[in-house]
Protein chains: 2
Amino acid sequence: MGGRTRRRGDALLAVVHQAVLDELDEVGLGRLTMEGIARRAETAKTSLYRRWPSPEELLLDAIAAAYPVETPSPAADDLRGDLIRALELMIEWSRHPTARAVQAVLAERHRHPELVDALYSRVFEPAGRRFTATVLHHYAEVGQLDPGLITPVVEDIGEALVMKHAIDTGEEPTPQRLAEIVDQAILPAVHECPTRR
Amino acid sequence: MGGRTRRRGDALLAVVHQAVLDELDEVGLGRLTMEGIARRAETAKTSLYRRWPSPEELLLDAIAAAYPVETPSPAADDLRGDLIRALELMIEWSRHPTARAVQAVLAERHRHPELVDALYSRVFEPAGRRFTATVLHHYAEVGQLDPGLITPVVEDIGEALVMKHAIDTGEEPTPQRLAEIVDQAILPAVHECPTRR
């Protein structure tokens, strides 16, 4: 191993994860190789292959490692606040390098449909499908929301409006806008009489 | 003019609009020139400059010419149907070549912020801001909806969920999904008691 300190476990994993993201930024998804990642991480290609069958699998692993899961109030006594925090978590994640990697994967859907499928089934689904969905199902489980109202469309409202705002303005929604998304779109969809509370 | 028939008015305009879209597809926004558009339209660059000060202005004009405006039922007696038709109109538009041009402009926001601003202020705003917004305001004007509920967030719900579906699946929403977007997200946001109707 020459004069280098041997890196093990989490430290090596973090270096390899960073290397795949940097390599993706530089060469793009179509030219991502184990060789390039190994060179960047200063490790052997064979040691990467022992853990990941392909550079795409390594990329998914890096994305999954950084993907957050929202944690609703255990007592389920602050639906509005928990929804706002879930959207804040989404925005925080969107600043992480893996968010750019997710965009790169989605932009190449036609060339890599199986990778997009894996992104949803192995990253987003295990993390709760959508931001706000874990919170909504938590409140349904304790009987505060009608579970029948928490449909795929309703799970999507928060993410959709945050993404739409970014597409329209090129900017993150303000805290004020996040509160409006929760008050004017998500809460009405899960309450029977939101405007009369 | 050699042996060519002189094209005037709408016929020439349609040719020039098509030429700017084709040129954009081929060379991209950064290399769009009056020269390239004129060559493709088989017309003189000077005659383009008589009408449009820049290729970007010509592009905006082509996008605006194809951008649809929804028409709510005059009697305002079918809110749900009018909302579904507004989203259908959005999907129909998304298949038009100008929809690809809009995506190209949005993707270059950092390089052409003023063009993105013009797209919103001179195309989307005059066409009613967002799909479903014209319908919602129409029903508010005749007293069937509380105008205070039709906020920018609520105007955005339909477009946001249609776009989100396309990003997640790479496909257009089915008629079933459009109806769910209207029933589960838009109507609850503008009704006091949607689930008890």
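Quick note on labels: first sequence line is chain A, next is B, and so on, each numbered from 1.
For the set A/Arg109, A/Met163, A/Arg177, the count of heavy-atom pairs under 4.5 angstrom toward chain B peaks at A/Arg109.
In this structure, chain A has heavy atoms under 4.5 Å from both the backbone and the side chain of B/Ile167. With a 4.5 angstrom heavy-atom cutoff, A/Leu106 touches chain B only via side-chain atoms. Neither the backbone nor the side chain of A/Leu119 comes within contact range of chain B; no heavy atoms are under 4.5 Å apart. There is no contact between B/Pro113 and chain A, counting heavy-atom distances below 4.5 Å.
Among A/Glu180, A/Lys164, A/His165, the single residue meeting the side-chain contact (heavy atoms from CB on, under 4.5 Å) criterion with B/Val153 is A/Glu180. Partner A/Gln184 forms a side-chain contact (heavy atoms from CB on, under 4.5 Å) with one of B/Thr151, B/Val190, B/Ile150 and no other, that one being B/Thr151.
When all heavy atoms of B/Pro188 and A/Ala189 are compared, the closest pair comes out as CB-CA, 3.9 Å.
Between B/Asp168 and A/Arg129 there is no salt bridge, since no side-chain N of the basic residue sits under 4.0 Å from a carboxylate O of the acidic one.
With hydrophobic clusters built from ILVMFWY side chains whose heavy atoms lie under 4.5 angstrom apart, A/Val162 shares a cluster with A/Tyr120. Hydrophobic clustering places A/Tyr49 together with A/Ile37 (ILVMFWY residues linked when any side-chain heavy atoms are closer than 4.5 Å, directly or through intermediates).
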